[in-house]
Undergrad: 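I'd like to ask some things about the structure below.
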2 protein chains.
Amino acid sequence: MAQKIKLSTIAESLGLSTATISLALRDSPLVAADTREKIKIQARALGYIYNRRAASLRTSRSGIIGVVFHDVMNPFYGEILKAIESELDRSRQTFILSNHYDSVEKQRTFIETLLQLGSDGIIMSPAIGTPLEDMTLAEENGMPAILVARSMDGVDMPTFRGDDSYGISLATNHLISLGHRTIAMVGGTDQTSTGRDRYQGYVNALRKAGIEVDPNLRIPGARSKQGGFEAAVNFLSLPQKPTAAVCWNDLVAIGLMNGVSRAGFVPGKDISVTGYDDLEEAAIATPALTTVSNGQAEVGRLAARALLDRLAGSHEPDGIHLIKPEMRIRQSTSPCVPRT
Amino acid sequence: MAQKIKLSTIAESLGLSTATISLALRDSPLVAADTREKIKIQARALGYIYNRRAASLRTSRSGIIGVVFHDVMNPFYGEILKAIESELDRSRQTFILSNHYDSVEKQRTFIETLLQLGSDGIIMSPAIGTPLEDMTLAEENGMPAILVARSMDGVDMPTFRGDDSYGISLATNHLISLGHRTIAMVGGTDQTSTGRDRYQGYVNALRKAGIEVDPNLRIPGARSKQGGFEAAVNFLSLPQKPTAAVCWNDLVAIGLMNGVSRAGFVPGKDISVTGYDDLEEAAIATPALTTVSNGQAEVGRLAARALLDRLAGSHEPDGIHLIKPEMRIRQSTSPCVPRT
DNA sequence: CTGAAAGCGCTTACAG
DNA sequence: CTGAAAGCGCTTACAG
């Protein structure tokens, strides 16, 4: 590699000062148009690379946004990330990603790294068990935070997520309208707001329909395809013989469908299954999955937008912004057939 | 937020110099052990946050590694990323991720951003059509590059990927040994080394077995579940009535299985299907997918290791490092049954 | 074992 | 419209 080109290199080669070069490269009207043009040409010719660290040290703006989720390999977060990515791209912000895998330490290490790098803000879906001081660590050090997908009690930072309780009631009501009465709830955990809200929504929908709620019909825990697949055994051996399952998310639903079909049942006919999230693959699962859209693209877009607006000075009101879910009826649900 | 704590704040509060503080916080033996201890306690008490930008401006090491792939939502890249992540984690390096979606411009913008941020290195799976000068842009500016998954002709940077030609021949031979003679190849593109090598491996295996190669049995293009799903129609309408499909990857295979089962065929019985990559979900697909392990974890780990070693000064030899694939036989393949 | 001073490459008042 | 100078917060020779 050749010798490092910096502002002063360009300045000397043109007989100008670094101040002028700096302003010109950032299109400042303070510099005459033709001087600006000449400078830009020279910068390109010399292969100048802007040193963001130096600039950021001076301006205390880094152009970096941190994003921390449970796990991007989960397409639910992947779809949110994609929306964030495209929103940040057009504002020429770079994002730094970390999975926390629900480890509070990994999450804190990441927040500290972001602070060290002078990150301009953070978008996070907090790990299970995150203490309040970790939530405020960012803000207290001048780094605005936005929450997505999960909310936390006692925290009033701006939060964007779906209306879980309402969404799951849509799925439950759909099954009830098909004649199902023994409906299991599969997957999810009470340790997240999402898990609690969805279970509550399911319970409420059953009650409203006058169906007795049997807590043994809840098979909690599963959050992945693998988890749903393994839950099939428990589901099929329930003495109440449920004819339908409301699943915590699409991954669990797809895993469950695979599991019950291994056992010789036909999902969508013998057993009705609903998912949650409407992932891209829900539509091409076999059978195509009846599910609830959860607005991942919307969540990501709005969260990124809110953060960028805040960085630009406008202060969006805090609090939870709920995105309205919608039912997507496909082939994995059908009128109730009693199990034999 | 309180007033910014910096080295000089700590120095003044203890009546020491910033040099001593700086050394102590980095555990230098040049500072007396008890002074070091006292300094660390004070730093924590004051809530000191290390300013990496300032340090990096001085040392020209940033602790940042760039990673650019086609798309992390593809679990193949997701699994590689996960291995890179855990390898970088233990060296306390932060990674910055970007998807290029096979857009050469998006990839170049990202490389330039990394250079501006002073990234220490880059791990990339180059976009289709990447020009040579983009490949060398990083190295010429002092940022070492490592390739994964895809190699590029005429580029002798260190590259880590599976032995595609050998791997696909394992799958093809497996089908041949089950009595299949009319075997289609579904998915992939000639625009990547992976696509070319896998098609070539399939052709070679057929030839070696004395089976005539029919170019019309190739249905190229698909690279996702959606793609495989859509390819099912073409596959089923081939006049040669293939009894088996060698798929370009697991996603295509799973999509294809969904597609053929929508059409009333039973994958794994009527139609044998092989995948490639052995993604986590291959084992829980229905039927469980026969596939070829492609060593994503190994690829990611070795690539990260190689980059870290290079940053530490040792110069790993350039050139392609091939990871040996292995056959994983499951339920999606069975002895040939002629199609009616 | 500790300190004074220079410098990494920018940007930003301030002068002119 | 352009320049001289200070300073962002570190680290690193160099002195003592």
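Each chain gets a letter, A, B and so on, in the order the sequences are listed, and its residues count up from 1.
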Undergrad: To the nearest Å, how far apart are A:Y50 OH and C:dG9 P?
TA: 14 Å
Undergrad: Go nucleotide by nucleotide along DNA chain D from the 5' end; which of A:A33 and B:I49 gets its closest nucleotide reached first?
TA: A:A33
Undergrad: Whole Å only: how far is the CZ atom of B:R53 from the C1' atom of D:dG7?
TA: 14 Å
Undergrad: C:dT2 P sits how many Å from B:L25 CG, rounded?
TA: 14 Å
Undergrad: Out of B:L16, B:L25, B:N51, which residue meets the side-chain contact (heavy atoms from CB on, under 4.5 Å) rule with B:L7?
TA: B:L25
Undergrad: CG of A:L117 versus P of D:dG9: gap in Å, rounded?
TA: 16 Å
Undergrad: Let me spell it out: for each of A:A19 and B:A32, pick the nucleotide of DNA chain C with the closest heavy atom. Which residue's pick is nearer the 5' end?
TA: B:A32
Undergrad: Counting only side-chain heavy atoms from C-beta out, which of D:dT11, C:dC10, D:dC10 sits nearest to A:L7?
TA: C:dC10
Undergrad: Is A:R310 salt-bridged to A:D318, going by a charged N under 4.0 Å from an acidic O?
TA: yes
Undergrad: Which range-with-range stems can be found for DNA chain D when each stem has 3 or more Watson-Crick or G-U pairs in a row and both distances sit under 3.5 Å?
TA: C:1-3 with D:14-16, C:5-12 with D:5-12, C:14-16 with D:1-3
Undergrad: Please state how far atom NZ in B:K6 lies from atom C1' in D:dC8, giving the value in whole angstrom units.
TA: 8 Å
Undergrad: Counting only side-chain nitrogens and oxygens, does A:R58 get under 4.0 Å of the OP1 or OP2 atom of D:dA5?
TA: no
Undergrad: What is the distance, to the nearest angstrom, from the CG atom on B:L23 to the C1' atom on C:dA4?
TA: 14 Å
Undergrad: Is the distance from OP1 or OP2 of C:dG3 to the nearest side-chain N or O of B:T20 less than 4.0 Å?
TA: yes
Undergrad: Applying side-chain contact (heavy atoms from CB on, under 4.5 Å) between B:F110 and each of B:V67, B:I96, B:L97, report the one that passes.
TA: B:I96
Undergrad: Could you state the CG-P distance from A:L57 to D:dA6, rounded to the nearest angstrom?
TA: 18 Å
Undergrad: Can you tell me if the side-chain N/O atoms of A:S17 get under 4.0 Å from OP1 or OP2 in D:dG3?
TA: yes
Undergrad: Check B:I80 against B:A149 and note the closest heavy-atom contact, atom names and distance.
TA: CD1-CB, 4.4 Å
Undergrad: Does any donor atom in the side chain of B:R223 or B:T189 lie under 3.5 Å from an acceptor atom in the other side chain?
TA: no
Undergrad: Is B:S60 touching bases, backbone alone, or none of the nucleic acid, heavy atoms closer than 4.0 Å?
TA: nothing
Undergrad: Of the nucleotides D:dG3, C:dT11, D:dC10, which has the atom closest to the A:T18 side chain?
TA: C:dT11
Undergrad: To the closest 0.5 Å, what do you measure between CG (B:L81) and OG (B:S125)?
TA: 12.0 Å
Undergrad: If you measure from the Lys or Arg side-chain nitrogens to the Asp or Glu carboxylate oxygens, is any gap between A:D27 and A:K40 under 4.0 Å?
TA: yes
Undergrad: So what does B:G118 touch, heavy atoms closer than 4.0 Å: a base, only the sugar-phosphate, or nothing?
TA: nothing
Undergrad: Select base, sugar-phosphate, or nothing to describe what B:S56 touches, counting heavy atoms under 4.0 Å on all strands.
TA: nothing
Undergrad: Is the shortest side-chain N/O distance from B:R26 to OP1 or OP2 of D:dT12 below 4.0 Å?
TA: yes
Undergrad: Side chains of B:S86 and B:R90: is there a donor and an acceptor less than 3.5 Å apart?
TA: no
Undergrad: Could you state the CD-C1' distance from A:E12 to C:dC10, rounded to the nearest angstrom?
TA: 15 Å
Undergrad: Just N and O in the side chain of B:T59: are any of them under 4.0 Å from OP1 or OP2 of D:dC10?
TA: no
Undergrad: Is any side-chain N or O of A:S8 closer than 4.0 Å to OP1 or OP2 of C:dC10?
TA: no
